[in-house]
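I have placed the structure first, in the form of C-alpha cells, so that the comments after it can refer back to it.
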Amino acid sequence: MRNMPVESENTEVVIVGAGPTGLTAAVRLAQLGIPYVLLDARAEPTSTSNAALVHAASLELLAELGVGDALVAAGRQIRRIAMMDGDRTLLRVPFGDLPTRYPFALGVPQSTTEALLLQQLAEPAGTVRRRHRVHTVSADGDAVTVTGTAGSPGEPAPFTIRARYLIGADGSHSTIRTALKLDFPGQTYPSQFVLADVALTGAREADDEATINMSAHGVTVIAQLPSGNHRIVATVDAGVKVPDRPDGAFVDALLRDRGITARSAVEPVWSSAFRVHHRVAARFRIGRVFLAGDAAHIHSPAAGQGMNTGIADAYDLATRLAAVLAGQAGESSLDAYDRGRRAVALEVLTFTDRLTRVAMMRHPVARFARRAGTGTVGRLRPVQRRLAMWVTGLQRSPLRGDLPAVTPVKVRSAR
Ligand SMILES: Cc1cc2nc3c(=O)[nH]c(=O)nc-3n(C[C@H](O)[C@H](O)[C@H](O)COP(=O)(O)OP(=O)(O)OC[C@H]3O[C@@H](n4cnc5c(N)ncnc54)[C@H](O)[C@@H]3O)c2cc1C
C-alpha cells in the first residue's frame, strides 16, 4: 500500500456512514444543491429489518425528501400503542387525531427505508462510496480532511477527502467521535434484549395495534410487520442463558411465562440477542465536524426512537449546513444544531429510560402502584395526546422548530 497513489478530492460536505442518518443527510443536501461525498465501510446496505417502526415526524420529514408515500405504501400502519399488564390494558395511546398527514406509526423494515432513500439520491450508483473506511479526521482553518482506505481488505487503496464540513453518521462505535476524543457517557442496562421476527398464531392484539406487555418476567413489545410476521422485542433477566439466535421454542416459552396467548407458527425469520446502552456524546459539534444519529446518541429501544431521532438529526443538520454554504444563514445556525439536537437526545434518553425502568418493575407493590396509577391517569385524553405527540416525535420535529428557510442552489465545489 505504501507506493500506491493517494486518491484525493474536494467537496462541500463529507458524510461518514450510509445508514439511515447518513442517507437522510445526503438526500437533503442533494435536494438543496449542495455537493457531498457519502462514504461507508460496508460493501452492502443493511439487509435486515432492525429499526422497524417509523414514526409520524419521520414520515413528514421523509415526505419532504420525496420518499414518504412510497414508504407508506411499503409499510403497515399502526394506529395505536397499548400498554398491557398481563391481560389488562393499562393505557392506550391513539395516533388517530394527531395534527399530521400521517396519524399512525409505520411498521416497515429498516432495509426498505434505506433502499428508498438510496433510490432518491441523484446518482444512485456513484454517490455512495462503499468499501470506503475512514480512519482519521483533522481540521484546519477552513476545511476538514478525512483519510481512509478503499476497496477490499487485501488490497486497500488510500484516499483523502477535503471538505468544508463533515457529518459523522458512522453509528454507535463512531470512528469520528473517537477521533475527536469526545466523551460518550452513559450506562448499559443489566437486562438482555431478545428480538425476533416471527409469524404468530393466537395473537390477541388487533393488526393495527402495537402492544407493550409488562410482566414479572420482563417487558415484551409486539407489533406486526408488512410481511404479516410480528416483531417481538423482549427484556430477559441478566442471569438467563439466551441463545445468540433465539428459536421458536425459546420465543414460545418467553410468551407463555408472560401470560401472552400468541405462539410462533414457524421458526423466526430473523432473531438476535443484544445488550442495550444509553449514552449521549458530550458535544454534537466541534468546529467543522458534527455528529448525528447513533454516533451521537444511543438509548433503550422502548418506543422505537433510535432511527427516528437520527433521521431528524440528519434533516436538521443538512438543512442548516446547506443554508450556511449557500450564504443564506450565519454560522450561529450550526451552533443551534449542537444545542437543539443534543437537548432532544437527552430528552429521548430520559423518557425511554423511565419507560424502560417502569416497564421492568418487579416488586409486587410497585407493580400494583403502576397498574393503579397508569390505569387512572392513562384514561385522560390530554395525557394520551401528550404521550402520542411525544412518541411520534411531532412535538420536537425540526419542521416545527427554528430551521432556516433555504432556497435550493448549486454550490460549486471550488477547492
Ligand atoms: C436489532 C435492532 C432493532 C432496532 N429497532 C429499532 C426501532 O424499532 N426503531 C428505531 O428507531 N430504532 C431501532 N434500532 C436502532 C436503529 O437501527 C439505529 O438507531 C439506526 O440504525 C441508526 O442509524 P445510523 O445511520 O445513525 O447508524 P447505523 O445504522 O449504525 O449506520 C452507520 C454506518 O456507518 C458505517 N461506518 C461505521 N464506521 C465507519 C467508518 N470508519 N468509515 C466508513 N463508514 C463507517 C457503517 O458501516 C454503517 O453503515 C434498532 C437497532 C437494532 C440493532
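Every number for a ligand or one of its atoms is a count from 1 in the order of the listing. Bear in mind that the values here come from a model prediction, so they are computed numbers and not experimental data. Residue numbers run from 1 in the order of the sequence given.
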Worksheet item: More than 12 foreign heavy atoms under 6.0 Å from CG of Asp244: is that the case here?
Response: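 No, because the 6.0 Å sphere around CG of Asp244 holds 12 heavy atoms or fewer from other groups.
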
Item to complete: Count the heavy atoms of every other residue, nucleotide or ligand shown that sit under 6.0 Å from CZ of Arg130, and state whether that count exceeds 12.
Response: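 Enclosed: over 12 neighbouring heavy atoms sit under 6.0 Å from CZ of Arg130.
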
Worksheet item: Does NZ or CZ of Arg288 come closer than 6.0 Å to the centre of the six-membered ring of Tyr165, within 45° of the ring's axis?
Response: yes

Practice prompt. Answer yes or no on whether Arg177 is positioned over the face of Phe184, meaning its NZ or CZ is under 6.0 Å from the six-membered ring centre and within 45° of the axis.
Written response: yes

Ligand 1 contact on [X] by region, counting heavy-atom pairs under 4.0 Å:
| X | result |
| --- | --- |
| Leu195 | side chain |
| Gln110 | side chain |
| Ile176 | neither |
| His132 | backbone |

Fill in: Close side-chain approach of Ser174 and Leu291, heavy atoms under 4.5 Å
yes

Item to complete: Would you check whether Ala52 reaches within less than 4.0 Å of ligand 1, judged by its heavy atoms?
Response: yes

Worksheet item: What do you reckon, does Pro301 put a non-hydrogen atom under 4.0 Å from ligand 1?
Response: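 No; Pro301 lies far enough from ligand 1 that no heavy-atom distance drops under 4.0 Å.
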
Counting from 1, what ligand 1 atoms have a heavy atom of [X] closer than 4.0 Å?
| X | result |
| --- | --- |
| Ala169 | 32 (C), 33 (C), 34 (O) |
| Asn308 | 11 (O) |
| Gly17 | 33 (C), 34 (O), 35 (C) |
| Thr175 | 41 (N) |
| Val16 | 42 (N), 43 (C) |
| Gly293 | 26 (O) |

In terms of side-chain heavy atoms, does [X] have a donor or acceptor partner in [Y] at a distance below 3.5 Å?
| X | Y | answer |
| --- | --- | --- |
| Glu60 | Thr100 | yes |
| Thr136 | Thr147 | yes |
| Thr392 | His55 | no |
| Gln384 | Arg386 | no |

So which protein heavy atom does [atom] come closest to, and at what separation?
| atom | answer |
| --- | --- |
| atom 27 (O) of ligand 1 | Gly171 CA, 3.8 Å |
| atom 47 (O) of ligand 1 | Asp40 OD1, 2.7 Å |
| atom 51 (C) of ligand 1 | Asn50 CB, 4.3 Å |
| atom 31 (O) of ligand 1 | Gly19 CA, 3.6 Å |
| atom 37 (C) of ligand 1 | Asp170 O, 3.2 Å |
| atom 7 (C) of ligand 1 | Ala51 CA, 3.4 Å |

Within-cut-off N or O pair, [X] and ligand 1, under 3.5 Å:
| X | answer |
| --- | --- |
| Met307 | yes |
| Ala18 | no |
| Ser272 | no |
| Ala295 | no |
| Thr21 | yes |
| Pro20 | yes |

Fill in: Step-by-step side-chain contact (heavy atoms from CB on, under 4.5 Å) determination, Leu195 to Trp270
CA-CA 8 Å; Leu195 183 151; Trp270 183 57; 3.3 Å; yes

Worksheet item: Going by an N to O cut-off under 4.0 Å, is there a salt bridge joining Asp252 and Arg256?
Response: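 Looking at Asp252 and Arg256, the cut-off is not met.
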
Worksheet entry | Note: Arg92-Glu209 ion pair, threshold 4.0 Å (strictly below) |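 Between Glu209 and Arg92 there is a salt bridge, with a charged N closer than 4.0 Å to a carboxylate O.
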
Discussion item. Please check this pair: side chain of Glu267 against backbone of Gly248, looking for a donor-acceptor N/O pair closer than 3.5 Å.
Written reply: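 Confirmed, Glu267 side chain pairs with Gly248 backbone.
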
